[in-house]
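All of these numbers come straight from a predicted model, not from anything done at the bench.
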Amino acid sequence: MPFKFYLKKSRQYNVVSKNQYVICVELLDSTSIECTLSIDSLGQECLTNVTQRLGLGQPEFFGLCYVCRHGTPSPRWVDMDKPLKKQLEKDAKGFNLYLRVMFYITDVQFIQDEMTRYHYYLQLKSDILEDRIHCHPQQATVLASYSMQAEFGNFDAERHRTEFLQQYTFFPKSVIEAEPGGQEVLLNGSLCQYKMIAGVTQAAAEEYYITMIMQLEGYGHETFSAKDETNNEVILGISINGIMVCSPSTQATQFYRWKDISNVINHKKTFRIECQTEVEYAKQFLFRESRSAKYMWRLCIAQHTFYMQHQQTQPPERHSNGYFDAETNDSSEQTPSVNLDTNGTEDYTRWTSYNDLSTSPCPVVSVSTTDINNLRALLPSYRPAPDYETAIQMKYNNGGNNSQPYYANQSTIVGADLCLIGNVVNPNRY
C-alpha cells in the first residue's frame, strides 16, 4: 500500500506585512493622510512622502512632530535621520504625527511656492489662535480681515454677514477676553476692514497676513524652562536669529545672535552657550532632565544650520504676476498697508516689535502707488503643483552633497576649543 502524506491547510502568511506599518499624519488644514512605511524607514522618508503628496515646493520649512509621553505631554520634532518607528515607540504618546512648519523665515520673499505659502499661512493662523504668537485686539482685527480675504475672497454683503462669520474662529481666546466688547466688537471691526481691502487677491492676502505676523512677539521661536548659574528660573528661547535668555524675576532679557555664538555644548543636564567676543562670557544652564538639555542642543544645531543656509542669503527677487485684480485702483485707500521695513540691517530681530496700528476699531489703511508696485513685485503667481513623477525627478536632479560643518557635544569633546555647530542633526522639536 503506497504511503500518502497530507499537508494541513494553513492561513496565508505574508512576510512583507510584518515589515510594514501605516501611520496617520495630521495636516495643517486639520485633514489627515496615511503613509505606509517599513519598520526601517527614516523620519525623512515619511516627511518626503507627505510633502510630495501635498505638492509642497519648499519642504525644507516643514517637519513632523509627535506628542512626547515623558513628563508633561508636549510636542517634539521627529529626528529625520533615525528610524521613525523606533522614535515613536520610545518617546511618543501615540502613533500620530503632525505636519508643521519647523523653520520660520524673516522675509516673506523666501517663500517661492504657492502651496508652501498656503501651508505657512495656516501654521501662522494656528499660532495666533493658540496664543503661541501674541497680538493685541487691534492687530487681531486686521489679521482677521486678511484671513477673511484669503479664505473667502472679496466681501459679499449678502453672504458675509456677522451670523455667517461667527461660525469660524478668527480670534484667540486671550484677545476676546481682553476686548471689553468681546467677539462681537472684534468681528464688526474686522468686517469694516474686510470691506476696505476688496480687490486684493486671496494669494496677496495670505502674504499680508504672514508679513504682519512676522513682526509680532513670539514669532518663530520656542521656549524652554531652565535654571541659571545662580539657581534662578530662566526661559530659554530658540529663534530664527539666535538664543534668548529671559529672567522672569528681573524681567531682564539677553539675546545671543547666531553670528556671535562660537559654540553650544550639551553635557548631561547642562546646556552652555559660548560667545566669540571676549566681552560676552559663557553662560551655563541646568535642565531638570538630560533629555531636555540634549533636545534643546539639537534644536540649536538645526536652527543654526537653517540660518546659515537660508537667512544669511538675500531672498530671490520676484516679479509681479497678477496678484491684484485688474480692477484694483492703485491710488485707492482700499489697499492695505504692510510694514516691510527691516531697518536696513541683517541683525534686525522681531522678538517683541509690534505694528503701529490705529486706535480706531476700523483702522483706515492706505498706501501710495509706489508702495503698491513694490508690494506687487513681492508676490508670485499661482502655478499647478507638479505631479509625483516630476517631483521625484526634481528632488534627485537638484540633489547634491553639500559640505556641512561639524557639531559636537561635551560628551565627545572635552577641554577643546569647540567651534559652533556641526553635521546637521535634524531635531525633535516643537
Side-chain angles (χ1 to χ4, degrees), residues 71-72 74-75 104 106 124 127-140 142-143 171-180 212-266 269-289 292-293 295-297 299-300 303-304 307 311 339 341-343 345-357 359 429-430:
T72 303
S74 58
Y104 291 77
T106 55
L124 295 190
D127 289 343
I128 284 289
L129 296 180
E130 297 178 16
D131 270 331
R132 289 188 293 269
I133 298 177
H134 309 294
C135 62
H136 54 64
Q138 294 167 355
Q139 292 167 328
V142 178
L143 286 171
F171 309 100
K173 184 180 294 185
S174 61
V175 170
I176 295 175
E177 293 174 351
E179 174 58 45
M212 182 174 176
I213 290 185
M214 285 180 176
Q215 304 174 58
L216 300 181
E217 178 186 1
Y219 170 75
H221 74 272
E222 182 177 356
T223 58
F224 300 86
S225 297
K227 291 187 177 181
D228 61 14
E229 294 161 322
T230 59
N231 206 36
N232 291 323
E233 292 285 343
V234 295
I235 302 297
L236 300 178
I238 303 176
S239 80
I240 310 165
N241 297 313
I243 304 173
M244 175 193 71
V245 180
C246 178
S247 175
S249 59
T250 62
Q251 298 298 314
T253 301
Q254 193 168 7
F255 192 81
Y256 298 88
R257 301 185 185 279
W258 294 125
K259 70 171 190 174
D260 298 328
I261 298 175
S262 62
N263 194 18
V264 286
I265 304 171
N266 163 239
K269 295 182 180 181
T270 62
F271 175 80
R272 183 180 175 88
I273 303 173
E274 295 183 349
C275 299
Q276 297 180 8
T277 60
E278 297 179 357
V279 178
E280 294 287 347
Y281 58 91
K283 285 288 186 72
Q284 186 165 294
F285 307 92
L286 183 67
F287 283 78
R288 291 187 179 91
E289 297 179 340
S292 299
Y295 180 69
M296 180 167 179
W297 172 73
L299 287 188
C300 289
Q303 282 288 349
H304 179 265
Y307 169 82
Q311 297 300 134
N339 181 13
D341 183 26
T342 59
N343 291 351
T345 65
E346 63 173 313
D347 300 335
Y348 180 68
T349 181
R350 302 180 185 273
W351 279 88
T352 56
S353 62
Y354 289 89
N355 275 353
D356 182 17
L357 301 177
T359 57
R429 175 195 136 214
Y430 198 90

To the nearest 0.5 Å, tell me how far [X] [atom1] sits from [Y] [atom2].
{"X": "C300", "Y": "N266", "atom1": "SG", "atom2": "CG", "result": "10.0 Å"}
{"X": "D228", "Y": "Q284", "atom1": "CG", "atom2": "CD", "result": "11.0 Å"}
{"X": "I273", "Y": "I243", "atom1": "CD1", "atom2": "CD1", "result": "4.0 Å"}
{"X": "E229", "Y": "T270", "atom1": "CD", "atom2": "OG1", "result": "10.5 Å"}
{"X": "K227", "Y": "E233", "atom1": "NZ", "atom2": "CD", "result": "5.0 Å"}
{"X": "I240", "Y": "Y219", "atom1": "CD1", "atom2": "OH", "result": "4.5 Å"}

Practice item. Ignoring hydrogens and angles, state whether a donor on the side chain of D131 or S174 is under 3.5 Å from an acceptor on the partner side chain. Key: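 Yes, because at least one side-chain N or O of D131 sits under 3.5 Å from a partner of the opposite role on S174.
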
Practice item. Answer yes if the side chains of S239 and N241 hold a donor-acceptor pair under 3.5 Å, and no otherwise. Key: no

Check your understanding: Hey, mind stepping through S225 and I235 against side chain to side chain contact (heavy atoms under 4.5 Å, CB included) and telling me if it holds?
Key -> CA-CA 5 Å; S225 297; I235 302 297; 3.9 Å; yes

Could you check whether any side-chain heavy atom of [X] comes within less than 4.5 Å of a side-chain heavy atom of [Y], counting everything from C-beta outward?
{"X": "F287", "Y": "L236", "answer": "yes"}
{"X": "I213", "Y": "D127", "answer": "no"}
{"X": "T250", "Y": "N232", "answer": "no"}

Point to revise | V264 backbone acceptor or donor facing W297 side chain under 3.5 Å | key: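 Yes.
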
Check your understanding: Looking only at atom types and distance, does a side-chain atom of S247 sit under 3.5 Å from a main-chain N or O of A252, one as donor and one as acceptor?
Key -> no

Nearest non-hydrogen partners of [X] and [Y], listed with the distance:
{"X": "W258", "Y": "G242", "answer": "NE1-N, 3.1 Å"}
{"X": "A140", "Y": "F171", "answer": "O-CE2, 3.6 Å"}
{"X": "T253", "Y": "C246", "answer": "OG1-SG, 3.7 Å"}
{"X": "Q139", "Y": "L216", "answer": "NE2-CD2, 3.5 Å"}

Practice item. Take atom NZ of K283 as the centre, draw a 6.0 Å sphere, and report whether it contains more than 12 heavy atoms from other residues, nucleotides or ligands. Key: yes

Exercise for review: Show your reasoning for whether side chain to side chain contact (heavy atoms under 4.5 Å, CB included) applies to F224 and I238.
Suggested key: CA-CA 9 Å; F224 300 86; I238 303 176; 4.2 Å; yes

